[in-house]
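These values consider heavy atoms only, across backbone and side chains, with no hydrogens, waters or symmetry-generated copies. Along the sequence shown, residues carry numbers from 1. Please read these numbers as outputs of a predicted model, since none were measured by experiment.
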Amino acid sequence: VQLQASGGGLVQAGGSLRLSCAASGRTVSSYAMGWFRQAPGKEREFVATISWSGGTTDYADSVKGRFTISRDNAKKTVYLQMNSLKPEDTAVYYCAAGAVIREVVTGVPRYWGQGTLVTVSS
(Lines give C-alpha, C1' and ligand atoms only; values in the text may rest on other atoms or scores of the structure.)
Protein backbone atom coordinates (compact mmCIF):
# COMPACT_ATOMS: atom_id res chain seq x y z
CA VAL A 1 0.00 0.00 0.00
CA GLN A 2 1.30 3.42 -0.95
CA LEU A 3 -0.22 6.64 0.34
CA GLN A 4 0.11 10.10 -1.20
CA ALA A 5 -1.13 13.08 0.81
CA SER A 6 -1.88 16.48 -0.70
CA GLY A 7 -3.83 19.66 -0.08
CA GLY A 8 -1.72 21.41 2.50
CA GLY A 9 -0.98 25.10 2.34
CA LEU A 10 -1.14 28.43 4.08
CA VAL A 11 -4.47 29.62 5.48
CA GLN A 12 -5.58 32.30 7.90
CA ALA A 13 -7.03 31.43 11.27
CA GLY A 14 -10.71 30.60 10.93
CA GLY A 15 -10.25 29.34 7.40
CA SER A 16 -10.64 25.89 5.89
CA LEU A 17 -8.56 23.34 4.02
CA ARG A 18 -9.26 19.87 2.68
CA LEU A 19 -6.50 17.30 2.67
CA SER A 20 -6.58 14.28 0.40
CA CYS A 21 -4.78 10.96 0.66
CA ALA A 22 -4.68 8.86 -2.48
CA ALA A 23 -3.97 5.19 -1.86
CA SER A 24 -2.75 2.48 -4.16
CA GLY A 25 -2.98 -1.26 -3.73
CA ARG A 26 -5.61 -3.86 -4.48
CA THR A 27 -6.83 -4.28 -0.89
CA VAL A 28 -6.54 -0.69 0.29
CA SER A 29 -10.32 -0.29 0.46
CA SER A 30 -10.40 -2.86 3.25
CA TYR A 31 -8.05 -0.84 5.49
CA ALA A 32 -8.91 1.62 8.19
CA MET A 33 -7.40 4.99 7.34
CA GLY A 34 -6.33 7.93 9.41
CA TRP A 35 -4.53 11.22 9.75
CA PHE A 36 -1.77 12.23 12.11
CA ARG A 37 0.11 15.48 12.52
CA GLN A 38 3.45 16.64 13.82
CA ALA A 39 4.02 20.22 14.86
CA PRO A 40 7.53 21.69 15.05
CA GLY A 41 9.32 20.42 18.13
CA LYS A 42 6.49 18.10 19.09
CA GLU A 43 5.75 14.41 18.77
CA ARG A 44 3.45 13.09 16.08
CA GLU A 45 -0.14 12.85 17.28
CA PHE A 46 -3.32 11.14 16.18
CA VAL A 47 -5.93 13.37 14.49
CA ALA A 48 -8.70 11.22 13.00
CA THR A 49 -9.51 7.76 11.73
CA ILE A 50 -12.20 6.06 9.66
CA SER A 51 -13.13 2.41 9.25
CA TRP A 52 -12.92 0.65 5.91
CA SER A 53 -16.66 1.09 5.34
CA GLY A 54 -16.74 4.68 6.52
CA GLY A 55 -19.26 3.74 9.16
CA THR A 56 -17.04 4.44 12.13
CA THR A 57 -14.94 7.51 12.79
CA ASP A 58 -12.92 8.80 15.72
CA TYR A 59 -11.21 12.09 16.41
CA ALA A 60 -8.72 13.64 18.75
CA ASP A 61 -10.45 15.90 21.26
CA SER A 62 -8.54 18.89 19.91
CA VAL A 63 -10.22 18.65 16.49
CA LYS A 64 -13.69 17.32 17.31
CA GLY A 65 -16.39 19.48 15.80
CA ARG A 66 -13.94 21.18 13.44
CA PHE A 67 -12.43 18.36 11.36
CA THR A 68 -14.27 15.69 9.37
CA ILE A 69 -12.71 12.55 7.94
CA SER A 70 -14.35 10.77 5.00
CA ARG A 71 -13.42 8.30 2.32
CA ASP A 72 -14.34 7.35 -1.22
CA ASN A 73 -13.37 3.72 -1.74
CA ALA A 74 -14.10 3.86 -5.46
CA LYS A 75 -11.42 6.54 -5.74
CA LYS A 76 -9.23 4.97 -3.03
CA THR A 77 -9.03 8.38 -1.41
CA VAL A 78 -9.45 9.61 2.14
CA TYR A 79 -10.19 13.22 2.95
CA LEU A 80 -9.75 15.45 5.96
CA GLN A 81 -11.95 18.53 5.89
CA MET A 82 -10.53 21.07 8.32
CA ASN A 83 -12.68 24.02 9.32
CA SER A 84 -12.23 26.81 11.86
CA LEU A 85 -8.49 26.35 11.69
CA LYS A 86 -6.33 27.65 14.51
CA PRO A 87 -2.63 28.53 14.59
CA GLU A 88 -2.09 25.50 16.83
CA ASP A 89 -3.25 23.29 13.94
CA THR A 90 -0.04 24.18 12.12
CA ALA A 91 1.81 20.92 11.45
CA VAL A 92 2.86 18.40 8.88
CA TYR A 93 -0.11 16.12 8.33
CA TYR A 94 0.41 12.43 7.50
CA CYS A 95 -2.08 9.86 6.30
CA ALA A 96 -1.86 6.27 7.41
CA ALA A 97 -3.52 2.89 6.90
CA GLY A 98 -4.10 0.04 9.29
CA ALA A 99 -5.83 -3.32 9.25
CA VAL A 100 -8.26 -2.10 11.93
CA ILE A 101 -9.10 1.24 13.51
CA ARG A 102 -7.27 0.31 16.69
CA GLU A 103 -3.99 0.18 14.82
CA VAL A 104 -4.51 3.74 13.67
CA VAL A 105 -5.82 5.15 16.95
CA THR A 106 -2.93 3.68 18.92
CA GLY A 107 -0.40 5.13 16.52
CA VAL A 108 0.90 1.91 14.98
CA PRO A 109 -0.62 1.79 11.50
CA ARG A 110 0.96 -0.54 8.99
CA TYR A 111 1.51 2.07 6.33
CA TRP A 112 2.46 5.74 6.35
CA GLY A 113 2.31 8.33 3.62
CA GLN A 114 4.54 11.33 3.22
CA GLY A 115 3.40 14.51 4.91
CA THR A 116 1.75 17.66 3.67
CA LEU A 117 2.38 20.94 5.47
CA VAL A 118 -0.49 22.98 6.87
CA THR A 119 0.33 26.46 8.14
CA VAL A 120 -2.32 28.53 9.89
CA SER A 121 -1.49 32.19 10.36
CA SER A 122 -2.96 34.30 13.14
Excluding sequence neighbours, so at least two apart, what forms side-chain hydrogen bond (donor to acceptor under 3.5 Å, both in side chains) with Asn83? Ser16, Gln81
Can you find a heavy atom in the side chain of [X] that is under 4.5 Å from one in the side chain of [Y]?
{"X": "Arg37", "Y": "Glu45", "result": "yes"}
{"X": "Val78", "Y": "Trp35", "result": "yes"}
{"X": "Met82", "Y": "Val118", "result": "yes"}

Approximate separation, where rounding is to 0.5 Å, of [X] [atom1] and [Y] [atom2]:
{"X": "Thr49", "Y": "Glu103", "atom1": "OG1", "atom2": "CD", "value": "10.0 Å"}
{"X": "Gln12", "Y": "Ser122", "atom1": "CD", "atom2": "OG", "value": "9.5 Å"}
{"X": "Thr68", "Y": "Leu80", "atom1": "OG1", "atom2": "CG", "value": "8.0 Å"}
{"X": "Ser62", "Y": "Asp89", "atom1": "OG", "atom2": "CG", "value": "7.5 Å"}
{"X": "Ile101", "Y": "Thr106", "atom1": "CD1", "atom2": "OG1", "value": "11.0 Å"}

Transitive ILVMFWY side-chain link [X] to [Y], under 4.5 Å:
{"X": "Tyr111", "Y": "Val92", "answer": "no"}
{"X": "Met33", "Y": "Val105", "answer": "no"}
{"X": "Val104", "Y": "Leu19", "answer": "no"}
{"X": "Ile69", "Y": "Leu3", "answer": "yes"}

Can you see which heavy atom on [X] is nearest to which on [Y], and at what distance?
{"X": "Ala5", "Y": "Thr116", "result": "CB-CG2, 4.2 Å"}
{"X": "Val28", "Y": "Ala23", "result": "CG2-CB, 3.2 Å"}
{"X": "Ser29", "Y": "Arg71", "result": "O-NH2, 3.7 Å"}
{"X": "Val63", "Y": "Val47", "result": "CG2-O, 3.6 Å"}
{"X": "Gly107", "Y": "Pro109", "result": "C-CD, 3.2 Å"}
{"X": "Thr27", "Y": "Ser30", "result": "O-OG, 2.6 Å"}

For residues 19-122, pull every pair meeting disulfide (SG to SG under 2.5 Å), keeping only residues two or more places apart or in separate chains. Cys21-Cys95
Per the disulfide (SG to SG under 2.5 Å) rule, what does the pair list look like for residues 26-56, sequence neighbours excluded? none
Would you say that more than 12 heavy atoms from the other residues, nucleotides or ligands in this model lie under 6.0 Å from the CD of Gln2, or not? no
Leu10: hydrophobic cluster co-members (side-chain, 4.5 Å):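 When side chains under 4.5 Å apart are linked, Leu10 ends up in no cluster with other residues.
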Among residues at least two apart in sequence or on other chains, which ones pass side-chain contact (heavy atoms from CB on, under 4.5 Å) with Val11?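 Leu17, Leu85, Val120.
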Which pairs with one or both residues in residues 40-84 pass ring pair (Phe, Tyr, Trp, His ring centres under 6.0 Å), sequence neighbours excluded?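 The answer is Phe36-Phe46.
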Arg110 to Tyr31 six-membered ring, cation-pi geometry met (6.0 Å, 45°):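 The answer is no; the distance or angle limit is not met.
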With a 4.0 Å cut-off, would you call Lys64 and Asp61 a salt bridge? yes
